Colleague: 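Questions regarding the structure given below will be posed in turn.
In this text, all values refer to a predicted model and were calculated from it rather than measured experimentally. Below, chains carry the letters A, B, ... as their sequence lines are ordered, and counting in each starts from 1.
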Amino acid sequence: MTIAVSFTAVSRHFGSVKAVDRVDLEIGEGEFFAMLGPSGSGKTTCLRLIAGFEQPTAGHIEIFGETVEGVPPYRRNVNTVFQDYALFPHLTIVDNVAYGLMVRGIAKAERYRMAEEALALVELPGFGNRRPSQLSGGQRQRVALARALVNKPKVLLLDEPLGALDLKLREQMQEEIKSLQKALGITFVFVTHDQGEALSMADRIAVFNQGRIMQVGSPEEIYRQPSSRFVADFVGASNVLPPDFTGAGRWASLRPEAIRFTKSGGRPARVVSHSFLGGQTRVALDAGGQRLHMLLPSADSRPDDGSDVQIAWSDGDLHLMDDGK
Amino acid sequence: MRSDRQHRAPLGLKIAAAAGLLFLHLPILLIFVYAFTTEDKSYQWPPPGYTMKWLGITWQRPDVWESLGLSVRVAAISTAIAVVLGTLCAAAVSRWKFFGRETISLLVILPIALPGIITGIALRSAFNLADIPFSTWTIVLGHATFCIVVVYNNAVARFRRTSASLIEASMDLGADGFQTFRYIVLPNLATALLAGGMLAFALSFDEVIVTTFTAGQQATLPIWMLEELVRPRQRPVTNVVAMVVVLVTFLPILAAYYLTRDGDQIGGHGK
Amino acid sequence: MTARTAVIGAGRAGIAGRLSDIFWRNPRIMLALLLAPPLLWLGVIYLGSLFALLIQSFFSIDEFSGLINHEPTLKTYRELLVPANLDIIIRTVSMAAMVTVGAAIVAFPIAYYAARYATGRWKALFYLGIMLPLWSSYLVKVYAWKLILAKEGIFNWLIGKLHLTWLLEAYLQMPLIGGNSLSVSYTGTFLVFLYVWLPFMILPVQAALERVPGTLIEASYDLGASPRQTLRNVILPLALPGIIAGSIFTFSLTLGDYIIPQIIGSSRLFIGQAVYAHQGTAGNIPLAAAFTVVPVVIMGFYLWTAKRMGAFDAL
């Protein structure tokens with residue numbers, strides 16, 4: 001696998017704030033890579049380091065094997081889809097999309113043809129003569145995508161591109177971006193704070209916290225085998241269990257759907273409350289002072305709130321984590 | 001107590017506000033009436049009759065044309081200088097954080113914050129010390145100094161409103177610094193600069209206090225008017241000139257207002 | 001255009017591209033280039049002139065020859081304190097204070113109405129209604145008052161029509177504020193100053209009031225305060241920074257003006273007139289320079305106080 005982006009002990013400090021703190025990272029060519037974390041965790045700064053808007057305080061960054069420290073953004077064949085889209089308000093849609101080609105001196109007819117192609121790719125054919133202000137949020141998002149893709153970047157960076165869209169549109173765009181990436185085969189680096197988005201779209205995920213990467217892995221790994229309490233807490237709704245509960249001397253995570261009711265031999269617990277989530281119902285339990293959540297298919301029968309039950313799970317589902325504090 | 005009482009202004013407030021606005025506007029309207037009076041020896045009210053003839057007489061006065069020409073020339077050159085210097089300053093202050101940034105804002109505002117007479121006498125004595133003879137250029141030097149602030153204020157407000165990610169997006173798409181300035185920054189700044197330039201023009205066109213110190217023998221239109229104010233010799237012509245000055249300064253201000261009304265305010269309190 | 005295979009090295013070649021790289025890598029060079037012209041102009045020419053003026057205030061004039069003596073001395077400043085000059089300073093400062101108070105009183109209802117009640121088109125109209133007089137010609141405004149206050153002018157005509165001539169005459173009989181006619185009295189000077197600087201008070205007060213959330217006033221009513229109590233205890237304190245900001249303008253502009261008192265007013269001098277007279281016909285640049293230091297010192301003190309009261313946020 002060719003390495004598209006590699007970080008070696010990269011730090012970016014703003015005064016005394018360590019926005020990015022000795023990060024090592026490798027992103028493969030053609031990968032859909034998500035950077036996931038709460039705000040201020042350093043994921044966006046990492047993206048800006050790849051784009052060239054920020055320079056590392058220490059460490060080394062390579063893009064396709066080439067050193068990029070000191071290379072301005074306009075000399076990097078890397079393009080960004082901005083969180084607020086950053087469409088140029090004084091230019092028409094087609095001029096927005098053709099901007100990157102224009103500054104490179106490509107003739108007008110040629111660049112308009114390419115821009116129209118790119119607009120067709122994001123399913124906005126014929127929108128070229130409108131202004132950004134005349135488009136909906138979802139349409140602007142597509143224009144921003146077309147404007148970046150028309151330059152055939154080696155790496156496409158997406159900074160929370162779906163954050164401003166409503167839920168339904170967001171789900172639709174998730175699928176579209178995913179299939180676009182598969183079709184084009186371009187390396188996508190996607191920044192988000194929405195774990196559902198990261199899990200559903202990415203080939204691999206890096207979970208960020210306080211300027212560091214806590215874990216890198218496939219969505220499955222991140223979800224099933226979180227390496228730390230932070231990852232377990234942040235990704236998915238796992239139950240995070242203390243050592244004295246598991247008896248294993250380490251903290252562990254237990255996915256809510258792995259818990260089941262049993263007639264005998266389980267742990268005693270009391271049903272505290274339940275929340276209807278549509279296809280599933282989430283049941284809150286109290287097992288000897290430890291709060292637990294479990295997920296049941298809504299169609300199943302469930303014990304009343306306040307009733308005493310016994311619960312169990314298979315040993316394999318109890319995932320022990322590294323930070324055994 | 002219901003709150004709908006607050007959506008209608010109390011009568012007393014309405015009257016006070018209306019009276020205040022009338023106080024601001026009636027004197028200016030009076031100028032328009034006097035421009036057409038038949039009386040030429042005094043400021044008699046009500047005018048004994050109305051005539052258009054002073055418009056024609058004023059039209060044929062070479063001294064008025066000369067002063068008007070000088071004022072327009074000075075205002076145009078001062079505005080051009082102020083637009084360049086004000087924009088440079090605004091760009092520096094908006095795009096970078098650096099030591100002494102606050103001081104720069106203060107320095108730009110100082111020429112209108114200090115009484116005009118201080119700016120005037122300081123420049124005059126500096127010209128004397130440096131043996132610079134008075135000319136159109138000494139007037140321009142003074143005017144450009146206090147015009148910078150209005151351009152600066154408008155440009156800073158627009159820079160603040162222009163998302164920083166637009167510039168990043170441009171660079172991201174392959175445009176270097178010059179291209180980004182040419183294709184993104186300048187088009188977004190244009191109306192603010194036009195508005196600032198118009199206000200600077202109005203400010204310079206009207207300025208009298210600094211000009212009395214930097215003008216030498218030449219008379220801008222305000223200097224011409226000041227002489228008439230101190231020693232009235234041709235009241236009807238002065239009346240017409242006053243009306244023209246009001247109109248000439250109103251137009252750029254209205255234009256500046258329409259150029260900037262969605263978003264930033266007309267920057268800078270003039271004078 | 002074929003897709004480039006290299007990741008870096010895109011973008012323009014040539015001088016523009018290379019310069020752009022240099023600026024990008026060294027933003028300080030760019031910053032210095034941007035700042036150099038305005039700093040040269042304002043920092044060197046303008047501040048230099050001001051500084052030269054300040055230095056001259058420490059020179060003195062030889063009483064016999066009329067030549068300027070370049071020995072540094074405080075003699076000129078002592079001259080400021082002779083009763084005639086002290087009178088000028090006191091007169092000017094009192095006028096500036098009166099104008100400021102008057103402007104605040106007249107401005108408040110306009111600003112309050114514009115900030116709280118005017119919406120949509122009315123708001124725009126109010127805004128222009130304040131901006132146009134602010135920006136319209138200073139001299140024309142003064143001229144308009146010369147027309148209004150003339151003996152045969154509209155003011156006396158109106159007083160006559162209303163049969164109030166006796167009242168005006170009684171008023172003009174009063175010491176200090178009276179005079180032969182309004183156009184040669186301090187009252188006339190005060191009115192013109194008030195008129196000319198009023199918009200400079202309205203705008204910051206309005207800006208301060210715009211920032212008072214309507215819910216605060218509703219809360220005051222809700223807690224049982226009367227409109228008068230609300231005005232005194234909620235609105236005025238919140239508008240105070242705006243009033244102080246506006247007073248900086250009205251105070252400073254009045255201190256430095258020499259044209260209005262020359263055209264409308266008694267023949268007694270104000271600071272601006274004194275400066276003008278000393279630098280002009282008298283050729284006493286040191287005393288003129290020392291006189292200009294007075295408003296600067298007063299304003300410096302005033303600004304320092306205003307800053308401590310948080311007035312600059314309303315500018």
Side-chain angles (χ1 to χ4, degrees), chain B residues 1 3 6 9 13 16-17 20-21 23-25 27-28 30-31 34 42-46 85 88-89 91-92 96 98 107-108 111 113-118 121-123 125-126 129 145 148 174 176-178 202 206 208-209 222 225-226 229-230 242 245-246 249-250 253 257 266 269-271, chain C residues 10-12 16-17 20 23-24 27 31 34-35 37-38 41-43 46 49-50 52-53 56 106 109-110 113 117 128-129 131-133 135-141 143-148 150 152-154 157 198 200 203 217-218 221 249 252 255-256 258 263 272 275 279 285 288 292 295:
Chain B
M1 215 178 275
S3 64
Q6 281 118 58
L13 177 65
L21 279 183
F23 174 66
L24 276 178
H25 288 269
I28 296 175
L30 205 63
I31 294 284
Y34 269 98
S42 73
Y43 300 124
Q44 189 193 339
W45 184 271
L85 296 181
L88 289 178
C89 227
W96 283 281
F98 53 90
L107 185 61
V108 170
L114 281 183
I117 194 164
I118 297 180
I121 188 176
L123 287 176
S125 62
L129 288 177
T145 303
I148 293 173
D176 60 39
F178 297 105
D206 176 45
V208 62
I209 293 189
M225 270 204 72
L226 181 61
L229 266 167
V230 178
V245 169
V246 169
T249 39
F250 270 27
I253 290 147
Y257 170 71
I266 295 185
H269 308 301
K271 189 85 329 191
Chain C
R12 279 203 292 187
S20 191
F23 289 150
W24 185 81
L31 181 63
L34 285 177
L35 278 177
W41 189 287
L42 289 170
Y46 181 63
S49 305
L50 285 180
L53 182 70
Q56 294 194 57
V106 181
I110 304 178
Y113 193 97
Y117 297 103
L128 279 179
M131 285 317 269
L132 284 180
W135 281 91
S136 59
S137 168
Y138 162 83
L139 271 184
V140 168
K141 286 188 275 193
Y143 185 60
W145 280 89
K146 196 174 163 101
L147 300 177
I148 291 169
E152 67 280 13
I154 187 169
W157 172 81
L198 182 59
F200 291 88
L203 282 178
I217 292 158
E218 275 162 24
Y221 284 126
F249 288 107
S252 158
L255 281 186
Y258 77 94
I263 290 169
V275 172
Q279 68 84 35
I285 296 277
T292 62

Colleague: Is C/Leu42 in contact with chain B via its backbone, its side chain, both, or neither, using a 4.5 Å heavy-atom distance?
Modeller: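 Both backbone and side chain.
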Colleague: Nearest 0.5 Å, what's the CH2-CG distance between C/Trp145 and B/Leu30?
Modeller: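 Answer for the CH2-CG pair, C/Trp145 versus B/Leu30, is 10.0 Å.
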Colleague: Which bit of C/Tyr46 is near chain B, if near means a heavy-atom gap under 4.5 Å: side chain, backbone, both or neither?
Modeller: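 Side chain only.
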Colleague: Check whether C/Glu152 reaches the backbone of B/Tyr43 with its side chain - one donor and one acceptor, N or O, closer than 3.5 Å.
Modeller: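 Yes.
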Colleague: Given heavy-atom pairs under 4.5 angstrom as the criterion, report whether the side chain, backbone, both or neither of C/Ala16 touches chain B.
Modeller: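 For C/Ala16, the contact with chain B is made by backbone and side chain together.
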Colleague: Can you tell which part of B/Leu107 gets under 4.5 Å to a heavy atom of chain C, answering side chain, backbone, both or neither?
Modeller: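 Its backbone and side chain both get close to chain C.
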Colleague: Does the side chain to side chain contact (heavy atoms under 4.5 Å, CB included) test come out yes or no for B/Trp45 and C/Ile148, once each step is laid out?
Modeller: CA-CA 9 Å; B/Trp45 184 271; C/Ile148 291 169; over 6 Å; no
Colleague: If you count heavy-atom pairs under 4.5 Å between each of C/Trp41, C/Phe23, C/Tyr258, C/Tyr113 and chain B, which one has the most?
Modeller: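 If we count pairs closer than 4.5 Å to chain B, C/Trp41 comes out on top.
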Colleague: Counting distance only, does the side-chain N/O of C/Lys146 pair as donor-acceptor with the main-chain N or O of B/Leu229 below 3.5 Å?
Modeller: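 Indeed, once roles are kept as given, a pair shorter than 3.5 Å links the two residues.
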Colleague: Is C/Pro37 in contact with chain B via its backbone, its side chain, both, or neither, using a 4.5 Å heavy-atom distance?
Modeller: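 The answer is both parts of C/Pro37.
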Colleague: Counting only heavy atoms closer than 4.5 Å, note whether B/Ile118 contacts chain C via side chain, backbone, both or neither.
Modeller: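 Both parts, backbone and side chain.
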Colleague: Look up atom NZ in C/Lys141 and atom CG in B/Leu24, then write down how far apart they are to the nearest 0.5 Å.
Modeller: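 Reported to 0.5 Å precision, the distance equals 8.5 Å.
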Colleague: Between atom OG of B/Ser125 and atom CD1 of C/Ile285, what is the distance when rounded to the nearest 0.5 Å?
Modeller: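 The CD1 atom of C/Ile285 is 6.0 Å from OG of B/Ser125, to the nearest 0.5 Å.
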Colleague: Just to verify, what does C/Ser49 make a side chain to side chain donor-acceptor pair (under 3.5 Å) with, not counting sequence neighbours?
Modeller: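 Scan of C/Ser49 (side chain to side chain donor-acceptor pair (under 3.5 Å), adjacent residues dropped) gives none.
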Colleague: Would the distance check show the side chain of B/His25 and the main-chain N or O of C/Gly129 forming a donor-acceptor pair, the cut-off being under 3.5 Å?
Modeller: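 A pair under 3.5 Å: yes.
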Colleague: With a 4.5 angstrom heavy-atom cut-off, which part of B/Tyr34 approaches chain C: side chain, backbone, both or neither?
Modeller: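 The side chain, not the backbone.
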Colleague: Any chance you could measure B/Phe250, atom CZ, to C/Trp135, atom CH2, to the nearest 0.5 Å?
Modeller: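 Result: 12.5 Å between the selected atoms.
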Colleague: Would you mind checking which part of C/Leu132 comes under 4.5 Å of any heavy atom in chain B, side chain (CB onward), backbone (N, CA, C, O), both or neither?
Modeller: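 When you check distances to chain B, atoms from both the backbone and side chain of C/Leu132 fall under 4.5 Å.
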Colleague: For the CD1 atom of B/Ile121 and the CD atom of C/Gln56, what is their distance to the nearest 0.5 Å?
Modeller: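 These two atoms lie 8.0 Å from each other.
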Colleague: What distance do C/Leu53 atom CG and B/Leu123 atom CG have between them, rounded to the nearest 0.5 Å?
Modeller: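 The CG atom of B/Leu123 is 9.5 Å from CG of C/Leu53, to the nearest 0.5 Å.
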